[in-house]
Amino acid sequence: MSTHASGVAGPAADTVIDRLVAANRAYAAGFVDPGMGARPVLRVAVVACMDARIDLHAALGLELGDCHTVRNAGGVVTDDTIRSLTISQRALGTRSVVLIHHTGCGLQTLTEEFRHELEMEVGQRPAWAVESFRDVDQDVRQSMQRVRTSPFLPHTDDVRGFVFDVTTGLLREIDARH
């Protein structure tokens with residue numbers, strides 16, 4: 001959905017959020033309850049970067065209800081990602097995990113110095129790590145390892161990692177062993 005198309009928001013919309021709410025009203029007007037539960041049909045969870053250039057459902061041929069989607073900066077596996085995957089697996093029946101990083105990721109341009117800069121600006125150091133990286137393939141491997149070794153995840157035998165090319169739309173699988 002793109003809210004910058006003409007006519008979506010109407011003249012009363014003042015902010016981006018107003019346009020989103022207006023778009024939701026239009027969406028809800030034609031909405032039909034799909035009658036499905038929270039358990040993903042394909043029993044898969046996808047962890048990916050929050051990058052706005054990646055339309056995961058389209059890129060993977062997914063439909064509503066097929067998967068759980070966990071997105072964050074870089075698509076890295078953090079403690080919160082493990083939390084979401086644990087709930088996904090233990091409470092909602094997923095069995096497979098797909099990890100998707102991408103080319104041209106903004107985390108490749110940051111360092112942990114970002115945290116220090118925030119501390120200097122706001123007077124408090126963030127409790128979280130930036131999780132920046134230089135080598136996207138190696139970061140996918142690290143994320144796969146974090147999933148595979150988590151004691152909270154009972155299903156770690158079907159974990160695969162990929163790099164999405166933002167210029168071609170293709171996935172490139174990463175071998176965990178290199």
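For clarity, every value in this text was computed on a predicted model and none was experimentally measured.
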So, using side chain to side chain donor-acceptor pair (under 3.5 Å) as the criterion, who are the partners of [X] when residues are at least two apart?
X      : value
Glu131 : Arg146
Thr94  : Ser88
Ser96  : Asp158
Gln124 : none

Heavy atoms, side chains only, cut-off 4.5 Å: are Asp18 and Thr15 in contact?
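The answer is yes, as the side chains (C-beta and beyond) meet within the 4.5 Å cut-off.
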
Within the structure provided, determine whether Asp66 and Leu64 are in side-chain contact (heavy-atom separation under 4.5 Å).
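Heavy-atom side-chain distance check fails, nothing below 4.5 Å.
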
Spatial distance of atom CG (Leu107) from atom SG (Cys49) [nearest 0.5 Å]
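Those atoms lie 6.5 Å apart.
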
Can you tell me how far CG of Leu92 sits from CD1 of Ile87, rounded to the nearest 0.5 angstrom?
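One gets 8.0 Å once the value is rounded to the nearest 0.5 Å.
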
Can you run down the side chain to side chain donor-acceptor pair (under 3.5 Å) pairs that involve residues 162-171, sequence neighbours left out, and say none if there aren't any?
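Residue pairs with at least one partner in residues 162-171: Asp165-Thr167.
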
Can you run down the side chain to side chain donor-acceptor pair (under 3.5 Å) pairs that involve residues 104-122, sequence neighbours left out, and say none if there aren't any?
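Every pair satisfying side chain to side chain donor-acceptor pair (under 3.5 Å) with a residue in residues 104-122: Glu119-Arg125.
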
Return all side-chain donor-acceptor pairs below 3.5 angstrom for residues 72-81, not counting sequence neighbours, or 'none' if the list is empty.
unit_1	atom_1	unit_2	atom_2	d
Asn72	OD1	Gly75	N	2.9
Asn72	OD1	Val76	N	3.1
Asn72	ND2	Val76	O	2.9
Asn72	ND2	Thr81	OG1	3.1
Thr78	OG1	Asp80	N	3.4
Thr78	OG1	Thr81	N	3.2
Thr78	OG1	Thr81	OG1	3.1
Asp80	OD1	Arg83	NH1	3.4
Thr81	OG1	Val76	O	3.2
Thr81	OG1	Thr78	N	3.3

Under 3.5 Å, which donor-acceptor pairs link side chains of residues 31-47 to any protein atom two or more places apart or in another chain?
unit_1	atom_1	unit_2	atom_2	d
Asp33	OD1	Gly35	N	2.8

Residues in salt bridge (charged side-chain N to carboxylate O under 4.0 Å, His left out) with Arg148, at least two apart?
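With sequence neighbours excluded, Arg148 shows a salt bridge (charged side-chain N to carboxylate O under 4.0 Å, His left out) to no residue whatsoever.
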
Quick one: salt bridge (Lys or Arg N to Asp or Glu O under 4.0 Å) pairs with a partner in residues 92-110, sequence neighbours left out?
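For residues 92-110: none.
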
Quick one: which residue pairs count as a ring pair (Phe, Tyr, Trp, His ring centres under 6.0 Å) with a foot in residues 64-115, not counting sequence neighbours?
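Residue pairs with at least one partner in residues 64-115: His101-Phe133.
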
My understanding is that only residues two or more places apart in sequence, or in another chain, count here; which of them pass side-chain contact (heavy atoms from CB on, under 4.5 Å) with Asp55?
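Result, side-chain contact (heavy atoms from CB on, under 4.5 Å) vs Asp55: His57, Ala58.
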
Would the number of heavy atoms belonging to other residues, nucleotides or ligands and lying under 6.0 Å from CZ of Arg160 be above 12?
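Result for CZ/Arg160: open.
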
